[in-house]
Amino acid sequence: MNALTVIEQPLVPLEQLTRKVLARTAAVGVAGVGYVGLPLAVEKAKVGFSVIGYDRNAIRVDQINNGLNYIGDVDDRELAEVVESGRLIATTDVAKLSRCDVIVICVPTPLTPNLDPDISYIRAVGELVAAQLHPGQLICLESTTYPGTTQEVLLPILSAGGLTCGEDFFLCFSPERVDPGNARYTTKNTSKVLGGVTAACAEVGAAFYRQTIAEVLVVSSPKVAEMTKVFENTFRAVNIAMVNEMAMLCARLDVDIWEVIDAAATKPFGIMRFDPGPGVGGHCIPLDPFYLAWKAREYDFHVRFIELAGEINVQMPYFVRDMIVRALNRRGRAVNGSRILILGVAYKRDIDDHRESPALKVMDLLALEQASIEYHDPHVPSFNDKGRSWHSVPLSDDELKAADCVVILTDHAAVDYARVVQRAELVVDTRNATRDVRGGTTNVVLL
Ligand SMILES: NC(=O)c1ccc[n+]([C@@H]2O[C@H](COP(=O)([O-])OP(=O)(O)OC[C@H]3O[C@@H](n4cnc5c(N)ncnc54)[C@H](O)[C@@H]3O)[C@@H](O)[C@H]2O)c1
């Protein structure tokens, strides 16, 4: 053999995969194309990756393939463009994931009826992915879960076929931090935290995310990344509960909590603003701290802050119900038979998500008192809850005048609060949405 002959070594899976990721020729699969998965799929497709969105919901799959958007944070035009160019296709056929070099798992992580973590979706998708796992694949879990899930649950499922993690395939946890409705921080410009099962996993995982996100912080393990996510959400849950408790106290002391918060927020250090409200909602804040509490119990550890925060936040819809009852009573009315118009059922401003929304609880509590209830929400035209179909009524002057009480539960920007205050007889405002309404606000009862 000539001394100068170079012997070509076959590329190991890590090198092969890293090359494809950096060249953006890697095929990307996103399992679960909901609030987290669809924005991610669109961002990856926009930079040139060929993306397959796998979901068992055939309606969502059809919508994507027709270029129709169903997630508020996704730009309609951008979705249509990546679908039209063929860079994003959706499917209900899991077999298509076998073509993917990278698979990102974004399935739900709800609670069971007794508030234990329900990771059955992660397990189910993990098994589907395991059935087609082949050397050179990167699997990233994004679903929020308790510390340990990636290594204790997903890794054994994926390794069962005999492939070695860190050599044949790569596994990371990188939580999604998307804040629905937040126009400033989106999937694209919110920094990411990532933990790999091995150093090679972290290396290729970070390379993948850096194709679309400038700042990717690699932490020492998936467990640290998992803990970071539940810590972030617990931080919010606890602080919201603290300000909600202060609001209930201020109501007793006859002090305006909003004035207190505005004043406290002028301190340039040592304080962070949280606003009170009718309770917490969505897929994260009411649920995720329970994931941590459940894991803590395995270690004989009782996370008292989480339980206390949960207790206070769960009480808020009852406090709001009592505010409404008192406000009507002061006008000589009983809640029984009163017409109540709810403004906003989404769990927060300018989004269409009503999952776990405290508005639903407030409506239930008022229905128990025989109130006649309607709602208006510019982002939620209709919804089903406990077997009943609800439809948003137009926010007409007639509707406002006919209501015995208008209750603002979500402070959507599209609503003209000055008109609401002018036309309605009585307004219970749980979000301080009427703060800028000038003159004639004596009919407003503020949380
Ligand atoms: N929504 C948020 O603001 C947010 C923010 C950060 C993190 N998260 C976390 O991200 C995860 C996903 O949340 P989401 O809000 O996107 O949920 P989602 O319900 O909007 O979307 C999940 C999707 O997964 C699909 N799915 C469920 N099981 C499946 C299966 N076996 N195979 C294929 N598809 C399946 C569902 O049909 C759905 O379309 C959760 O763990 C959540 O806690 C959510």
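Nothing fancy with the numbering, it's 1 onward along the sequence. All values derive from a computational prediction rather than experimental measurement. In listed order, ligands and their atoms are each counted from 1.
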Peer 1: Do S389 and N384 meet the criterion of a side-chain donor-acceptor pair at a distance under 3.5 Å?
Peer 2: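 The criterion, which ignores hydrogens and geometry beyond distance, is satisfied for N384 and S389.
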Peer 1: So which of T109, V125, D179 gets nearest to atom 41 (O) of ligand 1, if we judge by its closest heavy atom?
Peer 2: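 Comparing heavy atoms across T109, V125, D179, the nearest one to atom 41 (O) of ligand 1 lies in T109.
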Peer 1: Pull out every atom of ligand 1 sitting under 4.0 Å from any heavy atom of E176, numbered as shown with elements.
Peer 2: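 This gives 6 (C), 7 (C) as the contact atoms.
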Peer 1: Considering heavy atoms of the protein only, find what lies nearest to atom 36 (C) of ligand 1 and give residue, atom and distance to 0.1 Å.
Peer 2: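 The closest one turns out to be D55 OD1, 3.4 Å.
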Peer 1: Which option out of G32, P108, G181, P110 puts a heavy atom nearest to atom 27 (C) of ligand 1?
Peer 2: P108
Peer 1: Please work out, at 4.0 Å between heavy atoms, whether the side chain, the backbone, both, or neither of P180 comes within that distance of ligand 1.
Peer 2: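 Side chain only.
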Peer 1: Of all the non-hydrogen atoms in the protein, which one sits nearest to atom 11 (C) of ligand 1, and at what distance?
Peer 2: V107 O, 3.4 Å
Peer 1: When you measure from the centre of the six-membered ring of Y146, is the NZ or CZ of K223 closer than 6.0 Å and no more than 45° off the axis?
Peer 2: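 Not satisfied by the 6.0 Å and 45° rule.
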Peer 1: Do E78 and K46 meet the salt-bridge criterion of a basic N to acidic O distance under 4.0 Å?
Peer 2: yes
Peer 1: Should D288 be counted as touching ligand 1, given the test is an N or O pair under 3.5 Å?
Peer 2: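 In fact, backbone or side chain, D288 has no N or O that close.
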Peer 1: Provide, to 0.1 Å, the distance between atom 9 (C) of ligand 1 and the closest protein heavy atom, together with that atom's residue and name.
Peer 2: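 Closest protein heavy atom to atom 9 (C) of ligand 1: T144 OG1, 3.4 Å.
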Peer 1: Which residue and atom name correspond to the protein heavy atom nearest atom 21 (O) of ligand 1, and how close is it?
Peer 2: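 Ranking protein heavy atoms by distance from atom 21 (O) of ligand 1, first comes G34 CA, 3.3 Å.
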Peer 1: Would one find more than 12 heavy atoms of other residues, nucleotides or ligands at under 6.0 Å from atom CZ of R435?
Peer 2: yes
Peer 1: Report, in ascending order of atom number, the atoms of ligand 1 lying under 4.0 Å from any heavy atom of Y54.
Peer 2: 32 (N), 33 (C)
Peer 1: Only heavy atoms count here, so choose which of L97, N182, V36 is nearest to atom 10 (O) of ligand 1.
Peer 2: V36
Peer 1: Can you list the atoms of ligand 1 that are under 4.0 Å from a heavy atom of R355?
Peer 2: 1 (N), 15 (O), 17 (O), 18 (P), 19 (O), 20 (O)
Peer 1: Report, as yes or no, whether the 6.0 Å neighbourhood of atom CD on E307 holds more than 12 heavy atoms from other residues, nucleotides or ligands.
Peer 2: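 More than 12 within 6.0 Å, yes.
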Peer 1: Between the candidates R60, K229, H283, which shows the shortest non-hydrogen contact distance to atom 14 (P) of ligand 1?
Peer 2: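 Heavy atom nearest to atom 14 (P) of ligand 1 belongs to H283.
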Peer 1: Judged by modelled atom types alone, do D93 and T91 share a side-chain donor-acceptor pair under 3.5 Å?
Peer 2: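 Their side chains do not contain a donor-acceptor pair, so the 3.5 Å distance test is not met.
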Peer 1: For ligand 1, which atoms have a heavy atom of N57 less than 4.0 angstrom away?
Peer 2: 37 (O)
Peer 1: Determine whether the side chain, the backbone, both or neither of R123 has a heavy atom under 4.0 Å from any heavy atom of ligand 1.
Peer 2: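 No part of R123 is near ligand 1 at this cut-off.
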Peer 1: For Y35, which part has a heavy atom under 4.0 Å from ligand 1: side chain, backbone, both, or neither?
Peer 2: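 The part of Y35 near ligand 1 is both the backbone and the side chain.
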Peer 1: What do you reckon, does A31 put a non-hydrogen atom under 4.0 Å from ligand 1?
Peer 2: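 For ligand 1, residue contact (heavy atoms, under 4.0 Å) with A31 is absent.
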Peer 1: Between CG of L343 and CD1 of I408, what distance do you get to the nearest 0.5 Å?
Peer 2: 5.5 Å
Peer 1: For atom 34 (N) of ligand 1, what's the nearest protein heavy-atom neighbour? Residue, atom name and distance, please.
Peer 2: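 Going by distance alone, atom 34 (N) of ligand 1 is nearest to R56 N, 3.4 Å.
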Peer 1: Flag yes if more than 12 heavy atoms outside R77 fall under 6.0 Å of its CZ atom; otherwise flag no.
Peer 2: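 Result for CZ/R77: open.
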Peer 1: Could you check whether F235 and F305 have their ring centres less than 6.0 Å apart?
Peer 2: no
Peer 1: Are more than 12 heavy atoms, taken from residues, nucleotides or ligands other than Q211, located less than 6.0 Å from that residue's CD atom?
Peer 2: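 Yes, because the 6.0 Å sphere around CD of Q211 holds more than 12 heavy atoms from other groups.
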Peer 1: I'd like to know if E142 pairs up with K192 as an ion pair, taking the criterion as any Lys NZ or Arg NE/NH1/NH2 lying under 4.0 Å from an Asp or Glu carboxylate oxygen.
Peer 2: yes
